[in-house]
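One structure is given below, encoded as structure tokens.
Heavy atoms only: backbone and side chains are in, while hydrogens, waters and symmetry mates are out.
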Amino acid sequence: MKREFKAEAKKVMDLMINSIYTNKEIFLRELISNSSDALDKLYYLDLKSDETTNKEDYYIELIANKDERSLTIKDTGIGMDEEDLVNNLGTIARSGTDAFRQSMDKKDLKDLIGQFGVGFYSAFMVADKILVKTRKYESDKAYQWESENADGFEIKEADKEEVGTEIKLFLKESDQDFNYDNFLDQYRLKELVKMYSNYIRYPIKMLVTKTRKVEGSSEDDPKFEDYKAYDILNSDKPIWKKDKKDLSEEDYENFYRESHYGFDKPLAHIHFNVEGLVNVRGLLYIPEKAPFDFYSKDYKKGLELYSHGVKIMDKSEDLLEDAFSFVKGVVEIDDLKLNISRETLQQDRQVRLISKQVNKKVKAKLEDLLSNDRQKYEKFFKEFGNNLKASIYESYGANKDDLADLLLFMSNKEGKPITLKEYKQAMKSTDTEILYAVGDSIEKIKASPALAMVEEDRDVLLLDQKLDEFLFKMLKDFEGLEFKSINQEDEVSEENLEEDDKKLIDFLKEASPEDIVDIRFSDKLKDLGSIIKQRGDVSIEMEKALKDQPNAMGIKADKVLEINKKSKAYDLLKEAFANDKDKAKMILGLLIDQARLVEGLDIKDPVAYAKNIWKLI
């Protein structure tokens with residue numbers, strides 16, 4: 001007698017078949033996972049009984065029949081009776097495993113995942129007709145469940161000697177959109193098992209066709225014959241579940257390469273097992289080199305995610321903070337809550353706990369490298385340091401307390417990269433600021449006149465990355481020390497200015513362009529006639545960085561012109577102010593343009609600048 005699926009179940013099933021799963025090949029992962037669940041249940045019951053358990057009796061088998069275009073997934077698990085078939089395969093979102101969990105001790109729950117009533121229907125993505133033949137443990141009756149085109153189902157008694165379940169899929173006809181015959185090819189099936197179910201803890205076997213040399217045939221005229229033999233398609237215990245003491249550095253490097261995490265060698269690995277509210281195991285890698293697309297919008301972060309040996313996701317983005325998006329590797333969680341397709345984590349407290357553990361491990365490893373293998377850490381920071389900086393900047397400094405200790409900047413005094421903490425430890429107790437200088441390169445910064453004006457015993461951090469100054473704006477301070485650019489104007493009292501200098505400054509201000517907001521005289525400029533310093537939040541380097549940006553809106557730094565009182569230019573300026581105001585304006589223009597060129601800024605009229613120099617000469 002044909003039975004109907006419940007109306008709401010039918011709607012959900014249609015959605016699942018057509019929308020929930022992102023690709024058709026997922027069906028094999030789902031059915032193998034269900035078989036693994038069934039084997040878990042029987043293995044648990046056998047352990048509770050007095051009978052001897054033979055591990056070889058527990059297996060999953062794939063049987064491809066090209067003649068009838070069918071694929072069978074067979075297991076020696078707990079099986080189902082008629083009631084189980086109706087409840088588990090007649091109602092969506094009803095899971096035999098979920099019910100089984102209720103009867104188990106809490107300590108045993110970690111060994112089951114259970115999604116049977118949901119994942120099973122992914123088979124209708126590839127099959128027109130499904131036959132399920134099953135016999136339950138300790139039952140003398142077997143049953144067959146049958147459904148064609150997911151249009152209702154029939155259940156009847158059947159013949160089956162062994163306990164377990166066989167799910168036989170009659171594949172859809174291939175068309176121009178999809179070749180369903182791929183699921184009958186032994187090499188494709190091997191590939192799919194390795195991709196999604198490689199670490200299922202029971203053997204997945206398949207009778208495959210192989211070729212061998214005919215016994216007795218000569219080397220000159222060799223003859224070959226086909227024969228059939230069983231292959232185990234999945235691997236043994238995954239590397240992240242093995243004991244660290246049993247693994248060598250070569251083992252870790254081999255897994256890195258085999259998993260296609262990169263063409264380089266890993267800089268470091270993190271092998272961990274955390275037990276608590278959520279049990280998490282994993283093997284993470286810090287690559288030696290950044291992928292070619294790492295700093296592009298096409299790069300996608302994420303870790304491989306497994307549950308009970310089943311690969312759930314290729315790249316789980318939720319488990320890694322943006323700051324650590326360079327990390328590669330795999331994480332396995334026992335008690336994992338999934339959405340109905342197994343392909344997406346539920347966004348709940350569990351995910352946050354897992355992510356916290358994973359990111360905590362990454363940070364601890366980086367701190368360890370920073371403290372105990374400085375050369376290796378500097379190599380890491382050269383590749384991925386900008387990622388840490390960008391994360392702080394893009395979060396508006398929300399994560400600065402977690403990441404600031406990991407940052408490195410070139411020290412002018414030490415001649416090498418140092419941390420902010422190291423800068424603080426080396427400074428005098430009377431110093432209240434962390435000084436920095438910004439430029440296109442370390443060489444250009446070192447040649448800057450502003451750097452030459454800094455006291456010899458003060459260190460200055462040399463920032464040659466465009467992001468660095470914006471980063472410091474987000475950091476604001478480090479352990480109570482504010483950041484100050486050496487190009488920032490100093491507070492100077494004008495009370496001691498002579499009357500003539502005051503009048504000259506008033507005249508020069510009046511004659512200056514709009515972005516020169518103030519003019520001062522200085523006796524610290526050594527051999528330069530003038531320099532430009534900045535006032536306010538927008539620096540000269542920011543102005544340069546934003547110049548070509550489409551949304552910059554002509555943002556400019558407020559500039560303070562400092563004129564060297566000990567220079568010939570100052571004397572000429574005073575003389576011209578007294579006798580020839582137009583000449584004084586010309587000298588002012590030269591001093592401004594010279595200071596702009598020193599800072600790498602454009603000047604308005606290079607030809608006029610050159611002519612005016614010759615006029616003075």
Side-chain angles (χ1 to χ4, degrees), residues 199 237-291 294 299-307 309 311-334 336 345 350-385 387-388 391 399 402-403 405-408 419:
Y199 301 116
K237 193 175 186 180
I239 185 172
W240 61 87
K241 285 186 176 180
K242 294 179 180 178
D243 199 311
K244 294 178 190 178
K245 63 180 174 56
D246 298 329
L247 296 166
S248 66
E249 199 63 34
E250 186 180 5
D251 292 324
Y252 288 116
E253 288 180 9
N254 286 341
F255 182 74
Y256 181 85
R257 283 192 294 270
E258 290 165 5
S259 302
H260 306 293
Y261 293 146
F263 297 107
D264 57 339
K265 286 174 63 176
L267 192 72
H269 67 264
I270 309 160
H271 189 174
F272 66 94
N273 182 11
V274 178
E275 294 185 354
L277 292 174
V278 179
N279 297 331
V280 187
R281 289 181 295 272
L283 177 55
L284 310 178
Y285 291 94
I286 297 171
E288 193 174 60
K289 292 284 184 185
F294 183 68
Y299 180 79
K300 186 178 179 183
K301 69 172 181 175
L303 300 174
E304 289 185 80
L305 178 62
Y306 281 78
S307 183
K311 184 190 279 189
I312 304 302
M313 298 175 76
D314 255 336
K315 287 185 182 290
S316 176
E317 298 182 60
D318 299 321
L319 298 183
L320 279 178
E321 294 174 2
D322 287 342
F324 302 141
S325 60
F326 50 82
V327 174
K328 306 287 186 181
V330 57
V331 169
E332 181 164 15
I333 302 116
D334 291 334
L336 185 61
L345 285 173
Q350 185 192 37
V351 177
R352 292 193 295 274
L353 284 172
I354 297 165
S355 176
K356 186 177 180 180
Q357 292 288 1
V358 170
N359 289 286
K360 187 177 178 182
K361 291 292 180 184
V362 174
K363 186 186 176 187
K365 185 63 178 181
L366 293 176
E367 289 173 333
D368 177 62
L369 290 177
L370 180 59
S371 299
N372 302 312
D373 196 337
R374 187 59 170 253
Q375 186 176 2
K376 189 174 279 190
Y377 186 81
E378 287 181 12
K379 191 174 184 180
F380 152 77
F381 197 82
K382 187 177 180 181
E383 288 293 315
F384 301 107
N387 200 61
L388 302 181
S391 178
N399 56 2
D402 289 331
L403 300 177
D405 286 339
L406 297 175
L407 301 175
L408 291 180
T419 65

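With a 4.5 Å cut-off on side-chain heavy atoms, Asp251 and Asp246 do not count as touching. Between Phe381 and Leu406, every side-chain heavy-atom pair lies at or beyond the 4.5 Å cut-off. Between Thr419 and Leu407 the shortest side-chain heavy-atom distance does not fall below 4.5 Å. Between Phe324 and Leu388, some side-chain heavy-atom pair lies under the 4.5 Å cut-off. By the 4.5 Å heavy-atom criterion applied to side chains, Tyr261 and Glu304 are counted as neighbours. Using a 4.5 Å heavy-atom threshold, the side chains of Phe384 and Val327 count as separate. Looking at heavy atoms from C-beta onward, His269 lies in side-chain contact with Glu249 at the 4.5 angstrom threshold. The shortest distance between side-chain heavy atoms of Val331 and Leu284 falls below 4.5 Å.
Residues Leu369 and Lys376 come closest through the heavy atom pair CD2-CD, 3.8 Å. Between Lys242 and His271, the shortest heavy-atom distance links the atoms O-CE1, 3.3 Å. Here the closest heavy-atom approach between residue Lys241 and residue Lys237 is recorded as O-CE, 3.1 Å. Looking at every heavy atom in both residues, Tyr285 comes nearest to Pro287 through O-CD, 3.5 Å. In terms of heavy-atom proximity, Lys311 sits nearest to Asp314 at NZ-OD1, 3.0 Å.
Between Tyr199 and Trp240, the angle of the ring planes goes over 60°, which puts this pair in the perpendicular group of the 30/60° scheme. Taking the six-membered ring where the residue is Trp, Tyr299 and Phe294 present perpendicular rings, their angle passing 60° and hence far from 30°. Ring-plane geometry between Phe380 and Tyr377 is classed as tilted, the angle between the planes lying from 30 to 60 degrees on a 0 to 90 degree scale.
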**Request:** Start with the C-alpha gap between Ile239 and Val330, add the side-chain angles, then the distance that decides, and say whether side chain to side chain contact (heavy atoms under 4.5 Å, CB included) holds.
**Result:** CA-CA 10 Å; Ile239 185 172; Val330 57; 5.9 Å; no
**Message:** Does Ser391 form a side chain to side chain contact (heavy atoms under 4.5 Å, CB included) with Asn399? I'd like the steps, not just the answer.
**Reply:** CA-CA 8 Å; Ser391 178; Asn399 56 2; 2.9 Å; yes
**Asked** Does the side chain to side chain contact (heavy atoms under 4.5 Å, CB included) test come out yes or no for Leu408 and Leu370, once each step is laid out?
**Response** CA-CA 10 Å; Leu408 291 180; Leu370 180 59; 4.3 Å; yes
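Around the NZ atom of Lys360, the shell of radius 6.0 Å holds no more than 12 heavy atoms that belong to other residues, nucleotides or ligands. Summarising the local packing, NZ of Lys382 is surrounded by 12 or fewer heavy atoms from other residues, nucleotides or ligands at distances under 6.0 Å.
To the nearest 0.5 Å, atom CG of residue Leu305 and atom NZ of residue Lys315 are 13.0 Å apart. Asp373 CG to Leu267 CG: the interatomic distance, rounded to the nearest 0.5 Å, is 8.0 Å.
Under the 3.5 Å distance criterion, the side-chain polar atoms of Lys363 are matched with a main-chain donor or acceptor of Asp402. Panel note: side chain Asn387, backbone Asp322; a donor-acceptor pair is recorded below 3.5 Å. For Lys361 (side chain) and Phe272 (main-chain N/O), no donor-acceptor pair under 3.5 Å exists by modelled atom type. One N or O on the side chain of Asn254 and one on the backbone of Glu250 form a donor-acceptor pair closer than 3.5 Å. At distances below 3.5 Å, at least one donor-acceptor pair connects side-chain atoms of Glu332 with backbone N or O atoms of Gly309.
Centroid-to-centroid, the aromatic rings of Phe255 and Tyr252 stay 6.0 Å apart or farther.
A salt bridge links Arg374 to Glu378: at least one charged side-chain nitrogen sits closer than 4.0 Å to a carboxylate oxygen. Using a 4.0 Å cut-off between a side-chain N of Lys or Arg and a carboxylate O of Asp or Glu, Lys379 and Glu383 do not qualify as a salt bridge.
No option in Ile312, Leu319, Leu320 other than Leu319 meets the side-chain contact (heavy atoms from CB on, under 4.5 Å) test with Ser316.
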